[in-house]
Amino acid sequence: MKHLLRYMFLPLLIVVLIFIATCLVSSSQLPGMPEGIPWDKLVHFGMFFLLSAVSLIDYHRLCKGNPPLLRWIFWGFLIPVFYGGVIELLQKYFFASRSGEWADWIADILGSLVATVIVIIYFKKQQYSKKNISL
């Protein structure tokens, strides 16, 4: 039960609370940012980069350093991408103060993809270096 709470219920509760909080804030209440840089897309990229990275690292630890690759990608990449798509649909159809955009979802996908590639490469290199230690 402790593992289930640590790796499933607690992250799910945090995700739901963040989602509710961000959907209730109107975009007109957000501070203005300097022009010329798509800050909104960078924020989407960064949030989903962190979400996927944390999910991948957590799943790696849950599997004691040897996660099945397809399940690892499912939990660390596909679930965050699906979550990002659902958020955009809910913002478009259910929250009057927010709007859903394809570009936001693409930024979510790219953030998750980059995190997935970086984390997998990091752990594969770490695994390779442990195997090739010579005395």
Side-chain angles (χ1 to χ4, degrees):
M1 182 66 176
K2 185 178 176 182
H3 284 290
L4 192 60
L5 178 65
R6 164 71 171 98
Y7 295 105
M8 297 290 210
F9 294 131
L10 186 59
L12 181 62
L13 177 66
I14 292 169
V15 164
V16 168
L17 291 175
I18 290 171
F19 170 71
I20 291 170
T22 57
C23 285
L24 292 177
V25 174
S26 172
S27 57
S28 64
Q29 295 174 331
L30 299 174
M33 298 300 286
E35 295 293 322
I37 298 175
W39 295 104
D40 176 42
K41 306 316 174 235
L42 290 174
V43 169
H44 276 266
F45 179 91
M47 287 190 323
F48 278 81
F49 178 91
L50 290 174
L51 176 62
S52 286
V54 168
S55 298
L56 289 161
I57 292 167
D58 244 9
Y59 194 74
H60 188 268
R61 288 182 181 163
L62 177 67
C63 294
K64 295 176 179 39
N66 194 20
L69 186 61
L70 290 178
R71 285 188 182 172
W72 200 20
I73 291 171
F74 175 79
W75 289 109
F77 176 71
L78 292 177
I79 293 296
V81 166
F82 176 75
Y83 172 67
V86 168
I87 288 173
E88 293 305 318
L89 290 173
L90 288 173
Q91 285 180 347
K92 182 172 183 163
Y93 295 111
F94 294 104
F95 292 94
S97 64
R98 305 292 297 201
S99 64
E101 296 180 22
W102 280 102
D104 288 348
W105 192 41
I106 291 169
D108 299 344
I109 293 169
L110 291 174
S112 290
L113 181 63
V114 170
T116 301
V117 170
I118 289 172
V119 169
I120 289 175
I121 289 172
Y122 171 78
F123 281 119
K124 292 296 180 185
K125 280 190 168 193
Q126 191 179 44
Q127 201 174 39
Y128 178 78
S129 66
K130 283 182 182 178
K131 287 182 181 178
N132 292 327
I133 295 176
S134 60
L135 298 175

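- In the hydrophobic clustering of ILVMFWY residues, with side-chain heavy atoms under 4.5 Å counting as a link, Ile57 and Leu69 come out together.
- Grouped by direct or indirect side-chain proximity (heavy atoms under 4.5 Å, Ile/Leu/Val/Met/Phe/Trp/Tyr only), Val54 sits alone.
- Going from atom CZ of Phe48 over to atom CG of Asp104 covers 9.5 Å, rounded to the nearest 0.5 Å.
- A salt bridge (Lys or Arg N to Asp or Glu O under 4.0 Å) check over residues 82-93, counting only residues at least two apart or in different chains, returns nothing.
- Sorted by first then second residue, the salt bridge (Lys or Arg N to Asp or Glu O under 4.0 Å) pairs that include residues 112-123, not counting sequence neighbours, number zero.
- A continuous path of ILVMFWY side-chain contacts below 4.5 Å connects Val81 to Leu56, so both sit in one hydrophobic cluster.
- Ring pair His60/Trp72 is tilted by interplanar angle, where 30° to 60° counts as tilted.
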Stepwise, does the side chain to side chain contact (heavy atoms under 4.5 Å, CB included) test hold for Phe94 with Leu89? CA-CA 8 Å; Phe94 294 104; Leu89 290 173; over 6 Å; no
Show every donor-acceptor pair shorter than 3.5 Å between a side-chain atom in residues 109-122 and any protein atom, with sequence neighbours excluded, or say none if there are none.
from   : atom 1 : to     : atom 2 : distance (Å)
Ser112 : OG     : Ser52  : OG     : 2.8
Ser112 : OG     : Asp108 : O      : 3.4
Thr116 : OG1    : Ser112 : O      : 2.7

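- By the rule that hydrophobic residues join a cluster once side-chain heavy atoms approach within less than 4.5 Å of another member, Ile87 and Val43 end up as members of one cluster.
- Residues passing the side chain to side chain contact (heavy atoms under 4.5 Å, CB included) test with Ile79 are Phe74, Trp75, sequence neighbours excluded.
- In terms of the side chain to side chain donor-acceptor pair (under 3.5 Å) criterion, residue partners of Glu101 (sequence neighbours excluded) are, by chain and number, Lys41.
- Under a hydrophobic clustering in which Ile, Leu, Val, Met, Phe, Trp and Tyr are joined whenever their side-chain heavy atoms come within less than 4.5 Å, directly or via other members, Leu50 and Leu42 fall into different clusters.
- Looking at every heavy atom in both residues, Pro67 comes nearest to Cys63 through CA-CB, 3.6 Å.
- Between the CH2 atom of Trp105 and the CZ atom of Phe82 there is a distance of 9.5 Å, given to the nearest 0.5 Å.
- Residue Lys64 holds its NZ atom at 13.0 Å from CZ of Arg61, rounded to the nearest 0.5 Å.
- Cluster membership check: Ile106 does not share its hydrophobic cluster with Phe77, using side-chain heavy-atom separations under 4.5 Å among Ile, Leu, Val, Met, Phe, Trp and Tyr.
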